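These notes concern the structure reproduced below.
Every chain is numbered from 1, with letters handed out A, B, ... down the list of sequences. Everything quoted here is computed from the prediction, not taken from an experiment. FYI, side chains are in, hydrogens and waters are out, and symmetry mates aren't considered; it's all heavy atoms of this structure.
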2 protein chains.
Amino acid sequence: MGDTYTGRPRGRQREADRNDVRLFQAAREVFAERGWDAPVSEIARRAGIGMGSLYRRYPSKELLAQRMRIAGMEQLVAQARTALAEEPDPWAALVRFFRDALTDQGTGGPLLPLVGGRLPATDEVQAAAERLRAALDDLVDGAHRAGVLRADFTSADIPLLLEHLAPRIPVTGERAASLHLRYLDLALVGLRTTGPCRPTDLHGPAPQWEELRDLWNAPDS
Amino acid sequence: MGDTYTGRPRGRQREADRNDVRLFQAAREVFAERGWDAPVSEIARRAGIGMGSLYRRYPSKELLAQRMRIAGMEQLVAQARTALAEEPDPWAALVRFFRDALTDQGTGGPLLPLVGGRLPATDEVQAAAERLRAALDDLVDGAHRAGVLRADFTSADIPLLLEHLAPRIPVTGERAASLHLRYLDLALVGLRTTGPCRPTDLHGPAPQWEELRDLWNAPDS
DNA sequence: TTTTGAGCGGAGCGCTCCGCTCCGATAACT
DNA sequence: AGTTATCGGAGCGGAGCGCTCCGCTCAAAA
């Protein structure tokens, strides 16, 4: 029986658990890079497991994607809560949240592409979206009460602004995050209503036209 | 012979010309909405012409896309030149250019998605990119010399910033452009080094959470 | 009016690629 | 060694794509 299990998992059970976390990480990365259209086979390949094992855990691609979408929302909620808890200043909390959300501090890649993707609605997703709204409301209300955030910027602006600041561009990893932070720096100036008017330097090195040429041209020919 | 043609085209020739412009407009719209992955058949359908007529004019999808990419770059060049010519103030010219580029004033939709897409390099594309660089250099240099634009913002930032401000989001038309302008307003504050510190109201109505719910959920189920 | 053929629209071919299933191989327990 | 749960991945069925091909249309020539 299942309830006869005692102690830590061993053998096949351990492998299954390891597969679970690998699968989760791989799905997060692949969906983040290529969106909902990413092939399931690449997720399995990157996780180092077979298709059979993947489909035993998630009976369909859609369920896997929905799970990642919820995980993405919960990640944003956690980042908002952390920012509020660790940054006493409301403005610093908001900035911290934006930076964390765009770089996904040590969480293995951003899930925003799936959060903003179009998938069938489920109750779980609705509930996660409600929690996200509550967390972002706290963040924004705090900044509004402190008078540091422009009044016409709402909590519903945050997901859209994040989607604008983190578009799918033909570059991934550090450089993409650096560019996202660069243009976040611009937007932050516009968000603030008090304090120093001109910001410090923009994040990261400025792009060069040679870099654009590489971005715009297909890899081989 | 062909050179015996005199006067205006009539009959089938007129239809062919009308098809040309319809095809161009349709390709612009479809590529703008769905990117390089858009099916050729939808372009033909929206143009109201058959596949045969489409492929008589463009021997491959790739050539059609490259043509639109060049058109997109040339449109940006034209918008930059127009902004420089009609706005005496360098800052006003820069703002005018950004707004025009994001809304594509009466040009039938933005072509930025194709400009930023990955396609094989061709000499024509390289030349168009060079002209684009020259035009954006003029725009940025003017603002730099006037001291109104932060020094660490370069002309190569402009295409990337435009891509960030105009991501493919699951909404098209007026509302998408309105949102793009909204977040452009934020970035513009960060770009300016002089003048009024706090901007006027953000463009457009603030998004509501209900709107986000509609954006994130699939159309039917 | 009749003939003609360039130009038209769209059905469908061939192919790629994807979600998903199935089964032989593998390895932990007895 | 035998048993059995679990694994990996080859392959199936089908959707969707770029592109071709062909019967039809209709303005112009005879």
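Residue R57(A) places at least one side-chain N or O under 4.0 Å from the OP1 or OP2 atom of dC7(D). Contact annotation: S53(B) does not reach the phosphate of dG7(C) (side-chain N/O to OP1 or OP2, under 4.0 Å). Considering only side-chain N and O atoms, R56(B) lies nowhere under 4.0 angstrom from the phosphate OP1 or OP2 of dG7(C).
Less than 6.0 angstrom separates the ring centroid of H180(A) from the ring centroid of H164(B).
Listed nucleotides dT21(C), dC19(D), dG7(C) differ in distance to Y55(A); the shortest reach to its side chain belongs to dT21(C). In the set dC7(D), dC17(D), dG19(C), dC17(D) carries the atom at the smallest distance from any side-chain atom of R34(B). Closest to the side chain of P39(A), out of dG19(C), dG18(D), dC19(D), is dG19(C). Of the candidate nucleotides dG18(D), dG8(D), dC20(C), dC20(C) has the atom nearest to the side chain of K61(A). Among dA11(C), dG18(D), dC7(D), the nucleotide with an atom closest to any side-chain atom of M51(B) is dA11(C).
To the nearest angstrom, C1' of dG18(D) lies 12 Å from CD of E62(B). The distance from atom CD of E42(B) to atom P of dG18(D) is 11 Å, rounded to the nearest whole Å. Distance R45(A) CZ to dC18(C) C1': 15 Å, rounded to the nearest Å. Rounded to an integer number of Å, the gap from L23(B) CG to dC8(C) P is 11 Å. Rounded to an integer number of Å, the gap from L54(A) CG to dT6(D) C1' is 14 Å. Here the C1' atom of nucleotide dG18(D) and the CG atom of D37(B) are 13 Å apart, to the nearest Å. Rounding to whole angstrom units, CD1 of residue I49(A) and P of dC20(C) are separated by 15 Å.
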### Task
Kindly determine whether L181(A) and L202(A) satisfy side-chain contact (heavy atoms from CB on, under 4.5 Å), including the steps that lead there.
CA-CA 8 Å; L181(A) 290 179; L202(A) 291 178; over 6 Å; no
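Salt-bridge annotation for R99(B) and D185(B): present, with a side-chain N of the basic residue lying under 4.0 Å from a carboxylate O of the acidic one. A salt bridge between E33(B) and R168(B) is absent, with no side-chain N of the basic residue lying under 4.0 Å from a carboxylate O of the acidic one. Under a 4.0 Å N-O distance rule, the pair E42(B)/R34(B) qualifies as a salt bridge.
When heavy atoms are screened at a 4.0 angstrom cut-off, A47(B) is found touching no nucleic acid atom at all.
When each of G50(B) and V40(A) is assigned the nucleotide of DNA chain C with its nearest heavy atom, G50(B) is the one assigned upstream, toward the 5' end.
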